[in-house]
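For reference, the structure is listed below as structure tokens.
Each residue takes its place number in the sequence, starting with 1.
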Amino acid sequence: QAQLVESGGGSVQAGGSLRLSCVASGRTFSRLTMGWFRQAPGKEREFVAAISRSGVNTNYGQSVKGRFTVSRDNAKNTVYLQMNTLNPEDTAVYYCAADEGYGSPWLARSYDYWGQGTQVTVST
């Protein structure tokens with residue numbers, strides 16, 4: 001059983017930046033594909049970004065491409081999401097997720113473990 005703990009959420013003005021972190025425990029981190037998803041009130045959970053076990057391959061949701069960057073430090077069991085040029089549409093609860101298998105990284109159902117989420121609020 002893996003445990004995932006996100007941090008770094010908060011409130012920021014439009015155009016600002018935040019960096020989310022997710023620390024994993026309970027599993028060998030380098031054997032996990034890691035993903036970030038978000039969910040705004042009244043909306044479905046949306047794929048944000050994913051990173052392969054080695055960190056070589058990344059995927060991004062269309063709405064965040066060019067603004068968000070996912071990275072990982074396997075020595076620290078941590079995955080990051082650097083979010084730049086934030087806008088109010090980015091307001092959501094952001095979830096970290098881990099996949100022990102080899103599912104499609106943009107699908108929520110591919111992931112075996114989820115964090116509790118961290119709130120990101122972007123104001124005008």
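Side-chain atoms of Arg38 and Val93, non-hydrogen and from C-beta on, never get closer than 4.5 Å to each other. Using a 4.5 Å heavy-atom cutoff, the side chains of Glu44 and Glu46 are not in contact.
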Under 3.5 Å, sequence neighbours excluded: what are the donor-acceptor pairs made by side chains of residues 10-19?
from	atom 1	to	atom 2	distance (Å)
Ser17	OG	Asn84	OD1	2.9

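Note on Leu20: it clusters hydrophobically with Val122, by side-chain heavy-atom contacts below 4.5 Å among ILVMFWY residues. The hydrophobic cluster containing Val64 also contains Val120, counting ILVMFWY residues as joined when their side-chain heavy atoms lie under 4.5 angstrom apart, directly or transitively. By the rule that hydrophobic residues join a cluster once side-chain heavy atoms approach within less than 4.5 Å of another member, Leu81 and Val23 end up as members of separate clusters.
The two atoms that bring Tyr60 and Ala49 nearest to each other are CD2-CB, 3.7 Å, heavy atoms only. The shortest heavy-atom contact between Thr124 and Pro88 is CG2-CG, 3.5 Å. Across Ser30 and Asn74, no two heavy atoms sit closer than the pair CB-ND2, 3.7 Å. Taking both residues in full, the closest heavy atoms of Gly101 and Asp112 are given as N-OD2, 4.0 Å, listed atom of the first, atom of the second, then distance. Taking every heavy atom of both residues into account, Val79 and Phe29 meet most closely at N-CZ, 3.9 Å. Across Ala92 and Ala40, no two heavy atoms sit closer than the pair CB-N, 3.8 Å.
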(request) Using the side chain to side chain contact (heavy atoms under 4.5 Å, CB included) rule, take Cys96 and Trp114 through it: C-alpha gap first, then chi angles, then the decisive distance, then the call. (result) CA-CA 6 Å; Cys96 171; Trp114 292 83; over 6 Å; no
(message) Using the rule given for side chain to side chain contact (heavy atoms under 4.5 Å, CB included), can you reason through Met34 versus Leu4, listing the C-alpha separation, both sets of side-chain angles and the distance that settles it, and then say yes or no?
(response) CA-CA 10 Å; Met34 300 300 296; Leu4 307 175; 4.1 Å; yes
(request) Show your reasoning for whether side chain to side chain contact (heavy atoms under 4.5 Å, CB included) applies to Gln119 and Thr91. (result) CA-CA 8 Å; Gln119 177 71 47; Thr91 295; 4.0 Å; yes
(request) Walk me through it: do Tyr94 and Glu6 pass the test side chain to side chain contact (heavy atoms under 4.5 Å, CB included)? (result) CA-CA 8 Å; Tyr94 284 70; Glu6 303 100 332; over 6 Å; no
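When each of Leu32, Thr28, Thr33 is tested with Arg53 by the rule side-chain contact (heavy atoms from CB on, under 4.5 Å), just one qualifies, namely Thr33. Each of Gln82, Lys76, Met83 was compared with Tyr80 under the side-chain contact (heavy atoms from CB on, under 4.5 Å) criterion, and only Lys76 meets it.
To the nearest 0.5 Å, the span separating CZ on Arg27 from CD on Gln3 amounts to 8.5 Å. With rounding to the nearest 0.5 angstrom, the CG atom of Asn57 is 7.5 Å from the CG atom of Asn59. Annotation: the span from Asn77 atom CG to Cys22 atom SG amounts to 10.0 Å, rounded to 0.5 Å.
Arg72 and Thr78 share no side-chain donor-acceptor pair at under 3.5 Å.
The pair Arg67-Asp90 counts as a salt bridge, with a side-chain nitrogen and a carboxylate oxygen less than 4.0 angstrom apart.
Ring geometry for Tyr111 versus Phe37: interplanar angle over 60°, hence perpendicular rather than tilted (30 to 60°).
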